[in-house]
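Encoded as structure tokens, the structure appears first; notes follow it.
Residue numbers run from 1 in the order of the sequence given.
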Amino acid sequence: MVTHVVLTGGIGSRLWPLSRKRMPKQYISLFEGQSLFEKTVARNENLADKMIVVGNIENYKMSNTIMSKFDRPFTHIVEAVPRNTAAAIAFAAFASDPDDILLITPSDHIIEGDELYEAALKRAIALAQDDYLVTFGIKPTKPETGYGYIEFEEENVIAFHEKPDFKTAREYLSSGNYFWNSGLFCFKASKFLAELQAQEPVVYETAKLAWESNKNGFLNFELSLLIPSISIDYAVMERSKTIKVVPTRFEWSDLGSFESVYEYLVQKNHPVDANKNIVIGTSLHTTFIGVKNCILIYTDDALMVLQKENSQEVKNVYQQLEAIASPLL
């Protein structure tokens with residue numbers, strides 16, 4: 001039994017002002033008239049037997065609205081407070097049968113190439129059935145500093161590496177034995193829980209307690225606060241001895257910055273001027289003079305212009321607004 005687990009948490013702060021707390025990037029219908037969440041569900045609809053959506057209370061209604069477009073039952077686990085991906089995945093594992101194969105996907109990625117995606121998934125399921133924890137590696141196409149990396153040999157993981165500086169990312173790219181860490185995972189529910197219990201027993205016990213006290217999938221706030229906030233990478237994947245990586249050939253992007261959104265939209269024939277400047281969010285006539293590779297992002301209450309190559313710096317703007325509790329978030 002394969003269960004598709006969709007993680008819907010996250011704000012997408014590097015896509016402000018498009019992405020807000022009240023409308024995170026995975027719910028924005030910017031991608032060929034669909035949201036990233038909708039694309040994620042549709043992509044896996046025929047590849048899994050069951051589906052679990054894990055998200056926080058702020059996103060609950062938006063998730064239900066999108067799921068109403070699909071004629072299929074699903075389990076909704078609603079976190080009272082975000083506690084990162086280790087706990088979110090643990091809730092899904094507790095809600096599953098021990099031998100269920102869990103396919104873990106974020107709700108805000110773009111993946112293209114259905115046959116290649118399905119082939120990678122089948123290989124991951126086969127490895128998961130042999131009690132491996134499986135991650136999916138993406139072949140780098142540029143020296144990206146916004147992603148973590150997986151050092152590998154064939155399907156064996158040698159090491160996980162944090163987001164590098166540009167010089168290190170360039171070395172990773174030229175070496176040929178590093179993947180981008182995609183954030184996609186596949187494993188048995190029981191295998192993940194056993195590893196979590198061994199590596200992070202406090203996360204396991206507190207998440208179990210919160211899950212056992214859930215009310216129709218809604219988790220208790222006070223019990224949730226007891227759960228340490230830690231990612232699956234730190235809690236399990238970087239410390240387990242039974243990790244495999246599936247090399248992938250499909251096209252992938254986490255659309256985590258305006259540079260990646262720019263590349264996606266241009267690929268989809270979004271209007272671009274002679275100097276490769278684009279506008280997002282408005283049909284108002286806009287003219288760029290004397291600049292190249294710029295993105296203008298328009299919303300009703302904010303306007304931002306940035307050089308495509310400086311997209312990672314948007315998170316600094318978000319943090320500044322957060323520090324003053326700005327209503328623009």
Side-chain angles (χ1 to χ4, degrees), residues 3-45 48 50-85 87-89 91-92 95 102-111 183-184 210-211 214-221 224 229 231 253-258 260-261 264-265 280-282 297-302 314-315 318 321-322 325-329:
T3 299
H4 179 208
V5 179
V6 187
L7 306 180
T8 67
I11 297 168
S13 59
R14 288 178 294 172
L15 293 188
W16 184 90
L18 283 185
S19 183
R20 311 288 183 102
K21 290 181 178 179
R22 65 179 182 273
M23 181 60 73
K25 70 170 182 175
Q26 58 267 33
Y27 299 101
I28 302 170
S29 296
L30 181 63
F31 309 95
E32 299 174 290
Q34 293 181 310
S35 68
L36 294 173
F37 184 171
E38 186 175 349
K39 281 182 169 292
T40 300
V41 175
R43 179 167 57 248
N44 294 280
E45 188 175 18
K50 296 190 294 186
M51 183 175 174
I52 297 175
V53 175
V54 186
N56 57 51
I57 189 67
E58 287 82 6
N59 296 354
Y60 169 69
K61 290 183 179 179
M62 288 183 287
S63 294
N64 277 346
T65 297
I66 289 175
M67 289 306 302
S68 68
K69 299 180 180 181
F70 297 89
D71 184 22
R72 64 174 300 168
F74 71 102
T75 299
H76 205 161
I77 298 174
V78 184
E79 297 174 295
V81 58
R83 305 313 291 161
N84 218 314
T85 52
I89 295 167
F91 298 141
L102 306 184
L103 170 63
I104 313 295
T105 75
S107 59
D108 57 357
H109 291 185
I110 282 285
I111 291 175
L184 304 168
W211 172 250
N214 84 85
K215 304 294 184 184
N216 297 318
F218 287 79
L219 301 175
N220 178 274
F221 180 77
S224 296
S229 178
S231 72
S253 174
D254 73 343
L255 294 179
S257 69
F258 275 112
S260 56
V261 171
Y264 172 81
L265 292 176
I280 299 174
T282 180
I297 301 99
Y298 175 92
T299 68
D300 289 341
D301 58 358
V314 174
K315 63 184 177 184
Y318 187 94
L321 293 170
E322 194 171 38
S326 171
L328 291 173
L329 300 182

Any residue meeting side-chain hydrogen bond (donor to acceptor under 3.5 Å, both in side chains) with Thr299, in chain and number order, not counting sequence neighbours
Arg20, Asp301
Working to the nearest 0.5 Å, report the span between CD1 of Ile297 and OG of Ser19.
12.0 Å
What are the two closest non-hydrogen atoms of Pro24 and Asn59, and how far apart are they?
CG-OD1, 3.9 Å
Which atoms form the tightest heavy-atom contact between Leu15 and Ser257, and what is the distance?
CD2-C, 3.4 Å
Sequence neighbours excluded, the answer for ring pair (Phe, Tyr, Trp, His ring centres under 6.0 Å) partners of Phe221 is none
Partners of Tyr27 by ring pair (Phe, Tyr, Trp, His ring centres under 6.0 Å), sequence neighbours excluded?
Phe37
With the side chain counted from C-beta on, respond yes when Phe91 and Ile52 share a heavy-atom pair under 4.5 Å apart, and no when they do not.
no
Quick one: list whatever passes salt bridge (Lys or Arg N to Asp or Glu O under 4.0 Å) with Arg43, sequence neighbours left out.
none
Nearest-0.5 Å distance, CD1 of residue Ile104 to CD1 of residue Ile89:
4.5 Å
Pairing residues for Thr105 by the side-chain contact (heavy atoms from CB on, under 4.5 Å) criterion, not counting sequence neighbours:
His4, Val6, Thr40, Asn44, Leu103, Tyr117, Leu184
Ser231 meets the side-chain contact (heavy atoms from CB on, under 4.5 Å) criterion, sequence neighbours left out, with Asn84, Thr85, Asp233, Tyr234
Run the numbers on Ile28 and Met23 for side-chain contact (heavy atoms from CB on, under 4.5 Å), then give the verdict.
CA-CA 7 Å; Ile28 302 170; Met23 181 60 73; 4.0 Å; yes
Counting only N and O atoms by type, is there a donor-acceptor contact under 3.5 Å from the side chain of Ser107 to the main-chain atoms of Leu7?
yes
Under the rule for side-chain hydrogen bond (donor to acceptor under 3.5 Å, both in side chains), what residues qualify as partners of Asn214, not counting sequence neighbours?
none
Separation between CE of Met62 and CZ of Arg22, rounded to the nearest 0.5 Å:
10.5 Å
Who passes side-chain hydrogen bond (donor to acceptor under 3.5 Å, both in side chains) against Arg83, sequence neighbours left out?
none
How many angstroms lie between atom CG of Leu329 and atom CH2 of Trp16, to the nearest 0.5 angstrom?
7.5 Å
side-chain contact (heavy atoms from CB on, under 4.5 Å) involving Pro82 - partner list, sequence neighbours excluded:
Asn56
Side-chain heavy atoms of Pro106 within contact of Asp254, under 4.5 Å:
no
Across all chains, not counting sequence neighbours, the side-chain contact (heavy atoms from CB on, under 4.5 Å) partners of Ile110 are Leu36, Lys39, Glu112, Leu255, Tyr264
Indicate every side-chain donor-acceptor pair of residues 69-81 with a distance under 3.5 Å to a residue at least two apart or in another chain.
unit_1 : atom_1 : unit_2 : atom_2 : d
Lys69  : NZ     : Glu38  : OE1    : 3.0
Arg72  : NH1    : Glu45  : O      : 3.0
His76  : ND1    : Asn64  : OD1    : 3.0

Can you tell me how far the CD1 atom of Ile11 sits from the CG atom of Asp108, to the nearest 0.5 Å?
12.0 Å
Verify, without hydrogens or angle tests, whether Thr3 (side chain) and Met51 (backbone) share a donor-acceptor contact under 3.5 angstrom.
no
Nearest 0.5 Å, what's the OG-NE2 distance between Ser260 and His109?
10.0 Å
Closest non-hydrogen atom pair between Ala92 and Val54, with its separation
CB-CG2, 4.3 Å
